[in-house]
Amino acid sequence: MTLMSKISRSRQPASERVPAPDQDQRGPETCKTISPLVRQARSELLESIADFAMKHDLEVNGPNLAAICNGLSGANSELAQAFAAREINGEPIDQRWLDSVVRLDPDASDRLTELDKLMDQLEYSLIRFGQTAKSAADETSDQRGALDAQISAMGEAGMAGGRDVSRVIDLSRTMLQSIERVEIAMVKSQAETESLRESLAKARMEADVDHLTRLPNRRAFERRLAAAAERALVKGQPVCVAFCDIDHFKAVNDTHGHEAGDRILCAVASTLNSVASDDCFVARHGGEEFVLLFYGLEMDDAYAKLDGVRRAMALKQLMNRETGRPFGKVTFSGGLAQVTNHENPRAALEQADAALYEAKQDGRNRIVAAS
């Protein structure tokens, strides 16, 4: 079955592709029954994924398998169309191309933006609830004070008023106790709301940080890129973006293990972060790739700054502390583009990505500026 036929089949309505699984309401054990056609469809999809990965010599890892599955199953129609277009045009579907497609997926940016909106709404709701709780607690406190004063006055009158007044005083005291309990609950709710807001603020900060390198992550970068492009448009200042990728990183992992690979990632992150400043934002974009934003710098100045970091990294001699074996020279390549040359900042990312690919093709350990 060709890739085009697989994609065409996957995009049919589910009711036409395979019958719905058997649904048995008798209990959890019988609900596990799966029809032979569903099993066959799953088996064919798994076989297609394996064939696709082997045919195009793609690494068998989580991101790759997820991307291939999304494309072949039709879950991501744009990716399915991209696969088909590459096949029809006879263009390679290699690891580099697949990484670029996944990395530059605009839907990822949209999902991050939507997540930020949801967190903003949650924070606003907490603020409003806290204000309401405080207002209610203040009002309850005022009412309690007024009622307390009335009870005192009634107590003095009750000495001459007999049993009826005493009964009213007892009821009033009961009401006062209820108000006091409500007031305590309101104050507690206000404190809990403030604690939730602090936890949310901490969670938002953590959500912007890569836990391995402690650099800002892709989520933080996407927000910075949008803000930088908007600011550059208003102020007329240049903004440049660079993709950097560690050279031969897979070989490091294969030779020294993933823990050593993590230390290499941290070492490169530290070197890149040495130039972070008000005019340079550094983040880990994912995997062995990093991204930098240069504010107010023309291409030549941004190039000089990034290339200086590249040369500094290439001069370092890194050793595997576990085995005592040297890692050899660890380098990275980079692609640079100017954001303000494009109406859409994502076009600048694609241009920087293409320049990075050119740097890799030209021998690695170099920076290429997009023309």
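By convention here, the first residue in the shown sequence is residue 1. Hydrogens, waters and symmetry mates are skipped; everything else that's a heavy atom, side chains included, is used.
Asn273 and Ser270 form no side-chain donor-acceptor contact under 3.5 Å, judged by distance and modelled atom types alone.
Side chains of Pro238 and Leu297 form no contact here, defined as non-hydrogen atoms less than 4.5 Å apart. Side-chain contact between Asn217 and Val209: absent, with no pair of heavy atoms (C-beta onward) separated by less than 4.5 Å. Residues Ile68 and Leu79 are not in side-chain contact: their nearest non-hydrogen atoms beyond the backbone lie 4.5 Å or more apart.
With respect to Asp307 and Arg366, no salt bridge is recorded, no charged nitrogen being found less than 4.0 Å from a carboxylate O. Using a cut-off of 4.0 Å between Lys/Arg side-chain N and Asp/Glu carboxylate O, Arg346 and Glu350 are scored as not salt-bridged. Under a 4.0 Å N-O distance rule, the pair Lys55/Glu87 qualifies as a salt bridge. Remark: Lys305 does not engage Asp301 in a salt bridge, criterion side-chain N to carboxylate O under 4.0 Å.
Between the side chain of Ser48 and the backbone N or O of Glu44 there is at least one donor-acceptor pair closer than 3.5 Å. A side-chain donor-acceptor contact under 3.5 Å links Asn70 to the backbone of Ala66. For the pair Arg86 (side chain) and Pro92 (backbone), a donor-acceptor distance under 3.5 Å is present. In this structure, the side chain of Arg310 engages the main chain of Asn365 through a donor-acceptor pair within 3.5 Å. Looking only at distances, no side-chain donor or acceptor of Thr255 sits under 3.5 Å from a matching main-chain atom of Val252.
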After noting the C-alpha distance and the side-chain angles of Ser333 and Asp245, does the key distance pass the side chain to side chain donor-acceptor pair (under 3.5 Å) rule?
-> CA-CA 5 Å; Ser333 302; Asp245 187 277; over 6 Å; no
Take Val241 and Leu336 through the test side-chain contact (heavy atoms from CB on, under 4.5 Å) and record every step on the way to the result.
-> CA-CA 6 Å; Val241 62; Leu336 186 68; over 6 Å; no
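A distance of 10.0 Å separates CD of Glu343 from CG of Leu233, quoted to the nearest 0.5 Å.
In terms of the ring-ring contact (aromatic ring centres under 6.0 Å, His included) criterion, residue partners of Phe221 (sequence neighbours excluded) are, by chain and number, His285. In terms of the ring-ring contact (aromatic ring centres under 6.0 Å, His included) criterion, Tyr303 has no residue partners (sequence neighbours excluded). In this structure, the side chain to side chain contact (heavy atoms under 4.5 Å, CB included) partners of Asn341, at least two apart in sequence or on a different chain, are Gln338.
No close placement of the Phe332 and Phe290 rings is indicated, their centers lying 6.0 Å or farther apart.
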